[in-house]
Amino acid sequence: MAPKQTTDLSILSLPGIWDVLTGEQLDYLRSNSKMQQFKRNEMIYCEGETPTHLLCLIKGKVKVYKDGVGGRSQIVRMIKPIDYFGYRAFFAEEPYLTAACAVETAMIFMIPSEVIGKLLKENNDLALFFIKAMAIDLGIADTRIVNLTQKHIRGRLAESILFLVDSYGLEEDGATLNIYLSRDDLASLSNMTTSNAIRTLSNFATEKIIAVDGRKIKIIDEERLRKISRIG
């Protein structure tokens, strides 16, 4: 079944892009873009596909991942509102090197490649906005590559939990992660096997660093969690 679509973009306002476009450019963008809804676990794009749109997550949660050796996947980014994604391949004029999937129901604003290309040629501030966004993403990726390859299992899992806190925040109790990842996804985010992720989560729970209820993770001792992440 095709994703649910809507064309009413009159009330949509995106920080960053909206701030640098002229009124005429905003009208052009709105009239030539679309919104799509993706269900939980629905693919947004697949590795090897040719980019056709620049994407911005409006609501929901999305994971960007890459399949590695033996079909084992590695989550390389977690997308939160309002994050732009899928644009590296567009700017590089090459197929996607990753895949993106909705972790929960996601509403995505989709700007056709030819539309964003036209606006970039007309508006230097828009080009600078995306240069800065890619530079920030590259810095985050560099840091995570080092941490996920040099830290021990406990440090990697602690870092991933804190990364999810920074990305999605906590629920009203101020302790429970505002995202419910499967053990497979948590392992993929932490560069470890699922069995190691399950075992380490259980150890953290036994040590009363966190509490686990199904996919819910509640942080009990954030100071110890940060220390484990810091020392690796």
Side-chain angles (χ1 to χ4, degrees), residues 1-66 75-141 166-169 178-179 185:
M1 180 180 296
K4 182 180 178 182
Q5 299 189 17
T6 178
T7 56
D8 183 11
L9 305 177
S10 60
I11 62 173
L12 180 65
S13 178
L14 301 180
I17 285 185
W18 258 235
D19 297 336
V20 300
L21 295 182
T22 65
E24 182 179 346
Q25 290 170 339
L26 279 173
D27 290 341
Y28 171 71
L29 179 63
R30 285 193 178 105
S31 61
N32 288 281
S33 302
K34 64 182 178 180
M35 197 84 76
Q36 287 196 355
Q37 179 175 295
F38 293 82
K39 297 178 180 178
R40 180 171 175 248
N41 294 329
E42 187 172 6
M43 295 301 300
I44 298 165
Y45 64 78
C46 297
E47 186 174 346
E49 289 183 348
T50 300
T52 58
H53 293 78
L54 185 147
L55 310 172
C56 180
L57 181 63
I58 303 301
K59 184 179 180 181
K61 300 176 180 71
V62 169
K63 64 178 180 180
V64 176
Y65 65 95
K66 184 174 179 62
I75 294 177
V76 295
R77 286 185 68 196
M78 294 295 297
I79 309 300
K80 63 183 184 301
I82 301 287
D83 277 351
Y84 297 91
F85 65 106
Y87 56 85
R88 190 214 60 83
F90 162 66
F91 290 133
E93 296 183 343
E94 64 183 24
Y96 288 117
L97 298 180
T98 58
C101 177
V103 176
E104 61 180 46
T105 299
M107 187 68 71
I108 297 176
F109 183 58
M110 308 182 72
I111 308 172
S113 299
E114 59 271 18
V115 172
I116 198 68
K118 179 178 184 297
L119 292 173
L120 285 168
K121 291 177 182 178
E122 295 177 355
N123 193 311
N124 291 336
D125 288 337
L126 182 62
L128 288 172
F129 169 80
F130 282 110
I131 290 173
K132 181 178 180 180
M134 282 196 290
I136 291 172
D137 287 345
L138 181 59
I140 294 172
D166 293 339
S167 298
Y168 300 110
N178 192 27
I179 182 172
D185 280 346

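Side chains are part of it too, since the values below use all heavy atoms of this structure and drop only hydrogens, waters and symmetry mates. Numbers here simply count residues along the sequence, with the first being 1.
Considering only heavy atoms from C-beta on, T22 stays 4.5 Å or farther from Y28 through its side chain. Between Y45 and T98 there is a side-chain heavy-atom pair separated by less than 4.5 Å. Side-chain atoms of L14 and I58, non-hydrogen and from C-beta on, do get closer than 4.5 Å to each other.
M43 approaches A99 most closely through the heavy-atom pair CE-CB, 3.8 Å. Closest heavy-atom contact between P95 and P51: CA-CD, 4.2 Å. The heavy-atom pair separating M110 from L55 by the smallest distance is CE-CD2, 3.6 Å. I44 and C101 get closest at one heavy-atom pair: CD1-C, 4.1 Å.
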Check against salt bridge (charged side-chain N to carboxylate O under 4.0 Å, His left out), E94 and R88: CA-CA 9 Å; E94 64 183 24; R88 190 214 60 83; 2.6 Å; yes
Under the criterion side-chain contact (heavy atoms from CB on, under 4.5 Å), I'd like the reasoning laid out for I17 against I111: C-alpha separation, chi angles, the key distance, then a yes or no. CA-CA 11 Å; I17 285 185; I111 308 172; 4.1 Å; yes
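Looking at residues two or more places apart in sequence or on another chain, you find no side chain to side chain donor-acceptor pair (under 3.5 Å) involving E114. Qualifying side chain to side chain donor-acceptor pair (under 3.5 Å) partners for K66, counting only residues two or more places apart in sequence or in other chains: E47. Residues that satisfy the salt bridge (Lys or Arg N to Asp or Glu O under 4.0 Å) test with E49, not counting sequence neighbours, are absent from this structure. A search for side chain to side chain donor-acceptor pair (under 3.5 Å) contacts involving Y96 returns nothing, not counting sequence neighbours.
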Solution key, residues 75-83 side-chain donor-acceptor pairs under 3.5 Å, sequence neighbours excluded:
from	atom 1	to	atom 2	distance (Å)
D83	OD2	K80	N	3.1

In residues 120-138, what donor-acceptor pairs under 3.5 Å come from side-chain atoms, sequence neighbours left out?
from	atom 1	to	atom 2	distance (Å)
E122	OE1	Q25	NE2	3.2
E122	OE2	K118	NZ	2.4
N123	OD1	D125	N	3.0
N123	OD1	L126	N	3.0
N123	ND2	V20	O	2.8
N123	ND2	Q25	OE1	3.1
D137	OD2	Y87	OH	2.9

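We find the CG-CZ distance between L21 and R30 to be 9.5 Å, quoted to the nearest 0.5 Å. We find the CD-CD1 distance between E104 and I179 to be 7.0 Å, quoted to the nearest 0.5 Å. One finds the CZ atom of F38 at 5.0 Å from the CD1 atom of I108 (value rounded to the nearest 0.5 Å). Going from atom CZ of F90 over to atom OG1 of T52 covers 10.5 Å, rounded to the nearest 0.5 Å.
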